[in-house]
Amino acid sequence: MNAIPADATTGTDHDGVLNGPDSRAATNELLSTLRAGRYTPSAWSRFLARATMRSVRQALHHRWALLEATMLHAGLAALADPRHRPWVAGSWLLTISHLGMLEDRGTLGAANTLTLIRANLPALEHRLGKAVPLLALATDWLDGRISRATGTETRFGRQADFLADTAVWTWFTLRHEPNGWLRTATFAAWGASVAAVTAASFAGGAMKDLPRSRWIRPAATVQVIIGVRIVLRQISDTRRKLHGEVRPT
């Protein structure tokens with residue numbers, strides 16, 4: 001069902017890798033071919049065509065996950081502020097185009113579903129209000145616990161978790177965080193990391209992993225700081241309300 005002629009796109013025997021379940025091998029094949037083509041317009045066209053073909057094949061191969069992702073995002077879009085529905089649409093497109101990273105799993109599972117919900121919390125701010133960052137922290141803790149407890153960790157989950165954190169906390173600091181240093185730290189911990197890994201992967205012709213240290217974890221540190229500030233702010237607001245004070249806007 002997934003087989004295509006070897007010369008359908010590039011004329012090489014490497015297209016068999018794109019039909020296989022190993023998402024990393026497929027990504028490396030795509031990136032190495034792009035690099036070998038010296039990033040010319042024709043190389044980019046080939047890269048995008050082959051990447052799209054793999055995404056479509058993998059989405060059809062993971063039919064239940066495709067259905068789950070579509071239904072989940074349809075529900076989120078119905079709840080979202082109409083102005084923020086493009087956010088939900090972007091999340092859906094990213095999700096269905098990377099279902100190959102589920103590899104041998106046929107469904108999203110509870111942990112990945114929570115991650116995707118977290119990624120779309122900004123679109124629900126008009127309903128959730130100040131609960132958005134608290135729900136982001138809670139779902140981030142919970143999806144990791146679930147995936148480890150059930151043995152359902154996947155490349156899809158790891159990448160989606162980091163991208164969800166990047167989207168939510170970058171949005172939150174831009175919209176609600178007055179501290180300039182913390183804004184800078186947020187961009188460095190998430191946005192700059194995503195940009196650096198993406199650039200290194202394309203330049204090197206192979207997927208690079210974000211360096212991880214057991215002791216030094218900038219993103220987790222920034223998230224803790226943001227979380228503490230949110231809790232302190234909530235306590236301060238509650239005290240003001242109890243004393244009949246109005247917080248300056």
Side-chain angles (χ1 to χ4, degrees), residues 1-67 69-70 73 77 85-106 108 112 115-116 119-120 154-167 170-171 187-188 190-212:
M1 154 178 162
N2 290 338
I4 60 172
D7 60 351
T9 54
T10 63
T12 73
D13 292 330
H14 296 292
D15 285 314
V17 176
L18 298 185
N19 298 329
D22 191 331
S23 62
R24 192 177 188 91
T27 301
N28 287 343
E29 163 58 24
L30 289 167
L31 292 172
S32 65
T33 302
L34 177 63
R35 186 170 185 254
R38 299 181 182 275
Y39 309 100
T40 60
S42 61
W44 275 105
S45 296
R46 250 187 336 265
F47 169 82
L48 292 173
R50 297 174 78 206
T52 300
M53 289 176 67
R54 174 172 170 81
S55 293
V56 170
R57 285 194 299 266
Q58 289 298 315
L60 293 175
H61 180 68
H62 295 84
R63 288 184 178 89
W64 280 112
L66 174 61
L67 179 61
T70 301
H73 284 88
R85 283 174 184 162
W87 181 295
V88 180
S91 171
W92 174 78
L93 186 59
L94 278 172
T95 299
I96 65 168
S97 61
H98 289 83
L99 291 178
M101 297 179 76
L102 289 170
E103 299 184 337
D104 61 345
R105 292 192 56 79
L108 289 174
N112 289 330
T115 300
L116 294 174
N120 286 278
T154 61
R155 287 193 178 115
F156 179 94
R158 288 190 291 272
Q159 294 297 324
D161 184 75
F162 190 80
L163 290 177
D165 284 343
T166 301
T170 301
W171 165 86
F187 280 111
W190 282 293
S193 297
V194 170
V197 169
T198 301
S201 298
F202 276 96
M207 190 66 196
K208 308 297 181 185
D209 292 319
L210 188 70
R212 292 181 180 273

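No experiment lies behind these values; they were computed from the predicted model shown.
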Nearest heavy atoms of [X] and [Y], plus distance in Å:
{"X": "S23", "Y": "G100", "answer": "CB-O, 3.7 Å"}
{"X": "S97", "Y": "S55", "answer": "O-OG, 2.9 Å"}
{"X": "S201", "Y": "K208", "answer": "OG-N, 2.9 Å"}
{"X": "L94", "Y": "H98", "answer": "O-ND1, 2.8 Å"}
{"X": "A119", "Y": "A164", "answer": "CB-CB, 3.8 Å"}
{"X": "S193", "Y": "F162", "answer": "CB-CZ, 4.0 Å"}

So does [Y] get a backbone contact from the side chain of [X], meaning a donor-acceptor N/O pair under 3.5 Å?
{"X": "N28", "Y": "M207", "result": "yes"}
{"X": "R54", "Y": "G20", "result": "yes"}
{"X": "H62", "Y": "E103", "result": "yes"}
{"X": "R46", "Y": "L34", "result": "no"}

Min side-chain heavy-atom separation [X]-[Y] under 4.5 Å:
{"X": "H73", "Y": "T95", "answer": "yes"}
{"X": "T27", "Y": "M101", "answer": "no"}
{"X": "L108", "Y": "L99", "answer": "yes"}

Hey, what do you get for [atom1] ([X]) to [atom2] ([Y]), rounding to the nearest 0.5 Å?
{"X": "L66", "Y": "Q58", "atom1": "CG", "atom2": "CD", "answer": "12.0 Å"}
{"X": "T115", "Y": "R158", "atom1": "OG1", "atom2": "CZ", "answer": "12.0 Å"}
{"X": "R85", "Y": "N120", "atom1": "CZ", "atom2": "CG", "answer": "12.5 Å"}
{"X": "D161", "Y": "T166", "atom1": "CG", "atom2": "OG1", "answer": "9.5 Å"}

- Message: Please evaluate residues L116 and W92 with respect to the criterion side-chain contact (heavy atoms from CB on, under 4.5 Å), reporting the C-alpha separation (whole Å), side-chain torsions for both, the decisive distance (0.1 Å), and the verdict.
- Response: CA-CA 9 Å; L116 294 174; W92 174 78; over 6 Å; no
- Message: T33 vs R50, test: side-chain contact (heavy atoms from CB on, under 4.5 Å). Steps then yes/no.
- Response: CA-CA 10 Å; T33 302; R50 297 174 78 206; 3.3 Å; yes
- Parallel, tilted or perpendicular, as decided by the 30° and 60° cut-offs, for the rings of F202 and F47: perpendicular
- Salt-bridge present (D22, R155; N to O < 4.0 Å): yes
- Task: Decide if atom CH2 of W44 counts as having more than 12 heavy atoms of other residues, nucleotides or ligands within a radius under 6.0 Å.
- Result: yes
